[in-house]
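Predicted model only: the values in this text are computed from it and were never measured. So that the names make sense, note that chain A is the first sequence line, chain B the second, and so on, each numbered from 1.
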2 protein chains.
Amino acid sequence: MSTNKTGGRERRRHQGDNRVTLKDVAREAGVAPITVSRALNTPENVSAGLRERIDNAVSALGYVPNLIAGGLASAGTKVIPVVVPSLSILTYIEVIHGIQQTLEPAGYQVLLGSTDFDLEREASLVDTVLGYSPSGMIMTGLRHRESAERRLKAWGRPLVEIMELGETCIDMNIGVENTEAGACMARHLVEQGYQRIAFLGTGMAHDYRARLRYEGHRQALKAAGIESDVLFQDDQPSSYEVGRKLFLEALDARPELQALHFANDNLAAGAILEANRIGVRVPQDIAIGGYLGLSLGEHLTPRLTTVTVPRYEMGVEAAKMLLAKLEGGSPASSRVDIGYELKVREST
Amino acid sequence: MSTNKTGGRERRRHQGDNRVTLKDVAREAGVAPITVSRALNTPENVSAGLRERIDNAVSALGYVPNLIAGGLASAGTKVIPVVVPSLSILTYIEVIHGIQQTLEPAGYQVLLGSTDFDLEREASLVDTVLGYSPSGMIMTGLRHRESAERRLKAWGRPLVEIMELGETCIDMNIGVENTEAGACMARHLVEQGYQRIAFLGTGMAHDYRARLRYEGHRQALKAAGIESDVLFQDDQPSSYEVGRKLFLEALDARPELQALHFANDNLAAGAILEANRIGVRVPQDIAIGGYLGLSLGEHLTPRLTTVTVPRYEMGVEAAKMLLAKLEGGSPASSRVDIGYELKVREST
DNA sequence: CTGTTAGCGCCTTCAG
DNA sequence: CTGAAGGCGCTAACAG
């Protein structure tokens, strides 16, 4: 059945290497391999007749391009590494979701990388993923190891740094002003008349964006002439459980507290749920504010006051910026402030 | 500064193609390229002296391997595509997290793919990701398009199908018996003495695993001689909001209902939160059961009775099965039942 | 233990 | 619009 009349000694080295190649298609269609390549990648450069013959051959043989070979030859794969600090934090998941939903229809695949908030691992991850000759890349935050930053700059392809906003970025930047967002909630609490206010966070030793929000919180309280150093923190990843613990701890240690500013909605939700359980009234006994805008917040009783950040949209926009640059043009802007919004609900 | 004394006409075709290659390292260390390759991949096959010279050259030049070239030459990249139906559903996220945490330390990267529950897209996604010559792959569910299944079988490398358990799989399988899990909760509700029981789900038209749980629910009720067709459903993705809507709808349409069996904890949580808000007592006025074991369930008042599935662990195990096979051996078992557990809490 | 040789499958360049 | 030649960077196979 095979057309293998010419000696049949072609060495097939790798196991399972029975895949149909461009060459097979070319033979079937009676054209040169390069013509098949063109018919697939730039059909407008191939006559209609050949195009059809080639398309037929492709589906007859069930040809699927080897993207690795293509990537090697053209020095770039349609892979976009997305490096985030954690996959257990909903925020990053939602951003990734936005990125993926935007990139996949454009023919790009997301290569996932997680650093666990460790810049050293981030640097080595950068080395690894650059090894896949990606066309572009998305990273979290603006602070990186010197070595990673150098590598990325030398690489010179489209790169979007997300979640945070800064004066200088490697290539493109989209995010929010964490300091301002933290200050925003703090000011709101002050305006509501609360005086004894605490900040409650977790993993702040490595999550510097949370630290920035705390910094904003402190500045705002200081500006209002209020004690600004009441801080409760923990090391574990954010969860309802940690929020609950922090809440009980604060209640116990500083019963005079009037308002709690949580570093994120997971913690704040854990606190409200515990308040429900033990009969602490929010906000009458104590007010609670969060950060993020998780949908859960709207379903709690009382509904959670929070500073929302459009996370899914941030992912979408980051991907669009990348695509714009990948497809030749330059993005509308290489630095976009995705913004945040104070949602005053019932918990403050 | 450069050592480019030999004519300097080497053609560098691609933009930005100033990367250090294996050849550069070889020249620097005064050995053949293959020796560098070996020093990096199988150091035990290179003498200590050369190894050191090579390591020095590598760091002096800042060499980073081109994984694409390596992948082409050795017919396999250290990329593992993970294909899931959705990135907006926490379940899959947690599984992915487990997979990623297990694969990354072993030197593999996760390539993300999402099908939106569309088997047609799944099939084309399979074609695409196979183009990256992955070493192995993880897919969701046991039902695929004929074309995808054929392709995957012909591919012949390690593949784990997750989330569901079945008689026949392509290569390896880990998951739970959805039908039994559904029956388990239904039986529990009957044992608690509830007679008028409804099932409430969403997206069941495309999510056949949810349909299987409903099927189990029906069988269990039928076996107990109870009306088993009370079903409320919706098309949107699961969310607290949809759970809330379904809950109100059921309350309104069938006030005689005594227990609600939700297709997942997101929906069930939405219902409990709404019950809290409108003053419906759970379980006194109506009982509520879920499926998954989301951590939120333990923090609600009342705490949610649910059938838990170890999602993170399933990801870890799936990755381990894959690694076992990739690293030559064969996994302990190629079909593992990760199990589920009925957690009776306060909501039933 | 080290090197030589010959590709992996595709795409870039340059000719026709 | 189509084709021939050569190479992307690395590694498998086979010597020494």
Side-chain angles (χ1 to χ4, degrees), chain A residues 9-54 58 61 63-78 130-135, chain B residues 9-54 58 61 63-78 130-135:
Chain A
R9 271 300 302 293
E10 306 176 30
R11 177 156 44 127
R12 308 240 96 173
R13 317 206 281 208
H14 312 302
Q15 21 108 291
D17 220 348
N18 42 9
R19 276 189 65 156
V20 179
T21 74
L22 200 70
K23 217 184 250 174
D24 299 325
V25 177
R27 196 180 314 129
E28 175 83 11
V31 298
I34 183 62
T35 306
V36 177
S37 171
R38 281 200 274 254
L40 264 27
N41 298 317
T42 51
E44 65 277 16
N45 292 335
V46 173
S47 65
L50 279 191
R51 214 161 39 200
E52 198 188 323
R53 251 164 62 205
I54 291 171
V58 165
L61 299 180
Y63 170 68
V64 177
N66 181 328
L67 273 12
I68 289 296
L72 180 59
S74 62
T77 57
K78 291 204 143 198
L130 286 187
Y132 287 106
S133 294
S135 312
Chain B
R9 269 303 298 295
E10 305 177 31
R11 179 156 41 130
R12 309 240 97 172
R13 320 209 279 207
H14 312 300
Q15 19 109 290
D17 220 345
N18 41 8
R19 277 188 64 156
V20 179
T21 74
L22 198 71
K23 216 185 252 173
D24 300 325
V25 177
R27 195 181 315 131
E28 176 83 11
V31 298
I34 184 66
T35 306
V36 178
S37 172
R38 279 198 275 252
L40 264 27
N41 298 316
T42 53
E44 65 278 14
N45 291 335
V46 173
S47 64
L50 280 191
R51 214 162 38 201
E52 196 186 327
R53 249 163 64 204
I54 291 171
V58 164
L61 300 180
Y63 170 68
V64 178
N66 181 329
L67 273 13
I68 288 297
L72 180 59
S74 61
T77 56
K78 292 204 142 197
L130 286 187
Y132 287 105
S133 294
S135 313

Within-4.5 Å side-chain heavy-atom neighbours: [X] and [Y]:
| X | Y | value |
| --- | --- | --- |
| A:Ile54 | A:Val58 | yes |
| B:Pro65 | B:Leu22 | no |
| A:Arg19 | A:Val64 | yes |

To the nearest angstrom, how far is [X] atom [atom1] from [N] atom [atom2]?
| X | N | atom1 | atom2 | value |
| --- | --- | --- | --- | --- |
| A:Arg53 | D:dC1 | CZ | P | 16 Å |
| B:Ile68 | D:dT11 | CD1 | P | 12 Å |
| B:Asn66 | D:dC10 | CG | C1' | 8 Å |
| B:Asn45 | D:dT11 | CG | P | 13 Å |
| B:Lys23 | C:dA6 | NZ | C1' | 13 Å |
| A:Leu72 | C:dC11 | CG | P | 11 Å |
| A:Glu44 | D:dT2 | CD | P | 12 Å |
| A:Arg27 | D:dG3 | CZ | C1' | 17 Å |

Backbone of [Y] reached by a side-chain donor or acceptor of [X] within 3.5 Å:
| X | Y | result |
| --- | --- | --- |
| B:Arg51 | B:Ala39 | no |
| B:Thr77 | B:Leu67 | no |
| A:Ser133 | A:Ala75 | no |

Please find the pair of heavy atoms, one from [X] and one from [Y], that lie closest to each other, and give the distance.
| X | Y | result |
| --- | --- | --- |
| A:Ile68 | B:Leu72 | CG2-N, 3.6 Å |
| B:Ala26 | B:Ala32 | CB-C, 3.9 Å |
| B:Thr35 | B:Val46 | O-CG2, 4.1 Å |

Tell me which residues in residues 31-40 of chain A lie within less than 4.0 Å of DNA chain D, going by non-hydrogen atoms.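 Only A:Val31, A:Ala32, A:Ile34, A:Thr35, A:Arg38 qualify.
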Among [options], find the nucleotide with the atom closest to the side chain of [X].
| X | options | result |
| --- | --- | --- |
| A:Ser47 | D:dT11, D:dT2, C:dG9 | D:dT2 |
| A:Asn41 | C:dC11, C:dG7, C:dC10 | C:dC11 |
| A:Leu50 | D:dT2, D:dT11, C:dT12 | D:dT2 |

Check this one for me: any side-chain N or O of B:Tyr132 less than 4.0 Å away from OP1 or OP2 of C:dG9?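 The answer is no; no side-chain N or O of B:Tyr132 sits under 4.0 Å from OP1 or OP2.
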For the helix from C:dC1-D:dG16 to C:dG16-D:dC1, figure out the bend between the end axes, five pairs an end, and round to 10 degrees.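 End-to-end axis angle for the helix from C:dC1-D:dG16 to C:dG16-D:dC1: 20°, rounded to 10°.
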